[in-house]
Amino acid sequence: MCFDVQAEPPSPPVPLGAASQESLTLTSQDGTRFEAHAGHRDAGPGGPAIVILPDVRGLFRFYRELAEQFAHAGVESIAIDYFGRTAGLSGRDDPDWDYMSHVAQTTPENIRSDVAAAVAYLRRPGGTQPRAVFTVGFCFGGNNSFLQASAGHGLSGVIGFYGYPGARRAGAPSPIERAPQTECPVLGLFGGGDAGIPEAIISEYDKALHDAGVEGEMVIYPDAPHSFFDRHQATYQSECDDAWRRMLAFISAHTPA
């Protein structure tokens with residue numbers, strides 16, 4: 001698992017506005033119903049929006065709170081669950097729930113379809129009508145976020161925290177292999193102390209994007225571990241603050257005025 005079940009997202013180190021939140025159910029392109037949680041910014045139409053892709057645990061409390069944090073920072077948001085096809089609509093907060101058996105049953109195509117439903121929700125008539133839509137993901141979700149850059153969603157950018165860019169699942173190409181089809185800028189955020197993601201594979205992804213003419217930035221925080229983006233890991237508060245600033249700057253830079 002990426003985050004401990006007691007983890008909490010760090011607060012954005014920027015002035016925060018009013019926001020609200022709601023839990024809802026979305027329907028994927030194959031008719032699957034799945035859980036989601038939206039954070040609504042207190043602003044008029046336009047602006048940016050983001051789809052949040054969790055780690056292997058799915059839509060547990062950390063990501064519901066993160067959706068609200070993004071909304072407070074002025075970014076309309078929706079966090080999604082991956083497991084509607086195999087685990088139904090029940091919550092993911094039980095520390096003992098067998099998430100890995102459900103992760104094994106996911107496919108890149110089904111995740112792409114679920115993300116498409118979330119993007120459609122953000123762009124729905126009567127919604128905030130965002131001028132730009134992004135994704136952000138963590139670990140398993142970081143890899144999935146990188147893959148959405150070539151999935152035809154019309155995204156303005158993707159962000160991945162400690163997503164392994166060389167991972168292939170269900171025979172589908174990895175983010176590195178998909179670099180030539182990447183349709184938008186990419187921001188990767190990694191811990192230098194994360195033994196599971198060697199700097200060499202990060203550099204390979206960076207080079208693949210560069211060779212494809214894609215704007216990409218890979219940020220490595222020296223000595224920071226996997227899942228450093230956690231309010232309880234006070235040792236890495238400066239890294240968390242910097243990651244928030246980089247995310248919000250990336251979103252702002254790629255959102256039309």
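This chain uses plain numbering: 1 for the first residue, then up along the sequence.
For Ile220 against Gly191, the heavy-atom pair with the smallest separation is CG2-C, 4.3 Å. In terms of heavy atoms, Ala224 sits closest to Tyr236 at CA-CE2, 3.8 Å. Across all their heavy atoms, Ser11 and Gln69 have their closest contact at OG-NE2, 3.4 Å. The two residues Pro175 and Ala167 come nearest to each other via the heavy atoms CD-O, 3.7 Å. Between Ile52 and Ser77, the shortest heavy-atom distance links the atoms CD1-CB, 4.3 Å. Here the closest heavy-atom approach between residue Pro256 and residue Ala132 is recorded as CD-CB, 4.1 Å.
For the atom pair CD1 (Ile176) and CG (Asp206), the distance works out to 10.5 Å, reported to the nearest 0.5 Å. In this structure, the separation between NZ on Lys207 and CE on Met218 is 14.0 Å, given to the nearest 0.5 Å. Atom CD1 of Ile159 is separated from atom CD1 of Ile50 by 4.5 Å, given to the nearest 0.5 angstrom. Here OG1 of Thr182 is found 5.5 Å from CG of Leu209. Values are rounded to the nearest 0.5 Å. Taking OG from Ser227 and CG from Asp4, the interatomic distance works out to 8.5 Å, rounded to the nearest 0.5 Å. To the nearest 0.5 angstrom, Ile80 atom CD1 is 8.5 Å from Ser28 atom OG.
Residues Gln29 and Arg112 meet the side-chain proximity criterion, which asks for heavy atoms closer than 4.5 Å. Between Phe250 and Val136, every side-chain heavy-atom pair lies at or beyond the 4.5 Å cut-off. Using a 4.5 Å cut-off on side-chain heavy atoms (C-beta onward), Val14 and Leu16 make contact. Looking at heavy atoms from C-beta onward, Asp241 lies out of side-chain contact with Pro10 at the 4.5 angstrom threshold. When side chains are defined from C-beta on, Pro54 does not count as touching Phe60, because their heavy atoms never get closer than 4.5 Å. Between Arg57 and Phe62, the closest side-chain pair of non-hydrogen atoms is not below 4.5 Å. By the 4.5 Å heavy-atom criterion applied to side chains, Cys240 and Gln233 are not counted as neighbours. Val56 places none of its side-chain heavy atoms less than 4.5 Å from the side chain of Cys2.
Listed by first and then second residue, the salt bridge (charged side-chain N to carboxylate O under 4.0 Å, His left out) pairs involving residues 220-236 are Glu8-Arg231 (not counting sequence neighbours). Among pairs with a residue in residues 189-210, those fulfilling ring-ring contact (aromatic ring centres under 6.0 Å, His included) read Phe146-Tyr205, at least two apart in sequence or across chains. For the salt bridge (charged side-chain N to carboxylate O under 4.0 Å, His left out) condition, no pair includes a residue of residues 193-205, sequence neighbours left out. For residues 120-136, no pair satisfies salt bridge (charged side-chain N to carboxylate O under 4.0 Å, His left out), with sequence neighbours left out. Screening residues 135-145 for side-chain hydrogen bond (donor to acceptor under 3.5 Å, both in side chains) gives Thr135-Ser145 as the qualifying pairs, with residues at least two apart or on separate chains. Applying the side-chain hydrogen bond (donor to acceptor under 3.5 Å, both in side chains) test to every pair with at least one member in residues 245-257, sequence neighbours left out, gives these pairs: Glu215-His254, Glu217-Arg246, Asp242-Arg246. Annotation: salt bridge (charged side-chain N to carboxylate O under 4.0 Å, His left out) contacts involving residues 165-174, sequence neighbours excluded, comprise Arg168-Glu177.
When hydrophobic clusters are built by joining Ile, Leu, Val, Met, Phe, Trp and Tyr residues whose side-chain heavy atoms come closer than 4.5 Å, directly or via intermediates, Phe140 is grouped together with Val5. Both Leu189 and Val51 belong to a common hydrophobic cluster when Ile, Leu, Val, Met, Phe, Trp and Tyr are linked at side-chain heavy-atom distances under 4.5 angstrom. Placement of Tyr99 and Leu89 in two distinct hydrophobic clusters is found when ILVMFWY residues are connected by side-chain heavy-atom separations under 4.5 Å, directly or transitively. Tyr164 and Leu187 end up in the same hydrophobic cluster when Ile, Leu, Val, Met, Phe, Trp and Tyr side chains are linked at under 4.5 Å.
Using a 30° and 60° split on the angle between ring planes, Phe138 and Tyr63 fall in the tilted class, from 30° to 60°.
Side-chain atoms of His40 never come within 3.5 Å of backbone atoms of Gln21 as a donor-acceptor pair (strictly under, hydrogens ignored). Using modelled atom types, one side-chain atom of His232 and one backbone atom of Gln6 make a donor-acceptor pair closer than 3.5 Å.
For Arg85, the salt bridge (Lys or Arg N to Asp or Glu O under 4.0 Å) test picks out Asp30, Asp114, with sequence neighbours left out. Evaluation of the side chain to side chain contact (heavy atoms under 4.5 Å, CB included) rule for Ser203 yields no partner, not counting sequence neighbours. Scanning for salt bridge (Lys or Arg N to Asp or Glu O under 4.0 Å) contacts around Asp94 gives an empty result, with sequence neighbours left out. In this structure Glu68 satisfies the salt bridge (Lys or Arg N to Asp or Glu O under 4.0 Å) test with no other residue, sequence neighbours excluded. Under the rule for a salt bridge (Lys or Arg N to Asp or Glu O under 4.0 Å), the partners of Arg92 that lie at least two apart in sequence or sit in another chain are Asp81.
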Walk me through it: do Tyr121 and Leu24 pass the test side chain to side chain contact (heavy atoms under 4.5 Å, CB included)?
CA-CA 11 Å; Tyr121 170 82; Leu24 59 150; 3.5 Å; yes

Run the side chain to side chain contact (heavy atoms under 4.5 Å, CB included) check on Leu155 and Val119 step by step: do they pass?
CA-CA 9 Å; Leu155 299 175; Val119 171; 4.3 Å; yes

Going through the distances and angles, do Glu76 and Val133 end up as a side chain to side chain contact (heavy atoms under 4.5 Å, CB included)?
CA-CA 9 Å; Glu76 187 79 2; Val133 177; over 6 Å; no

May I have the step-by-step check of side chain to side chain contact (heavy atoms under 4.5 Å, CB included) for Leu53 and Tyr82, ending in yes or no?
CA-CA 8 Å; Leu53 304 177; Tyr82 302 117; 3.4 Å; yes

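There is no side-chain donor-acceptor pair under 3.5 Å between Glu22 and His37.
Less than 6.0 angstrom separates the ring centroid of Tyr162 from the ring centroid of Phe228.
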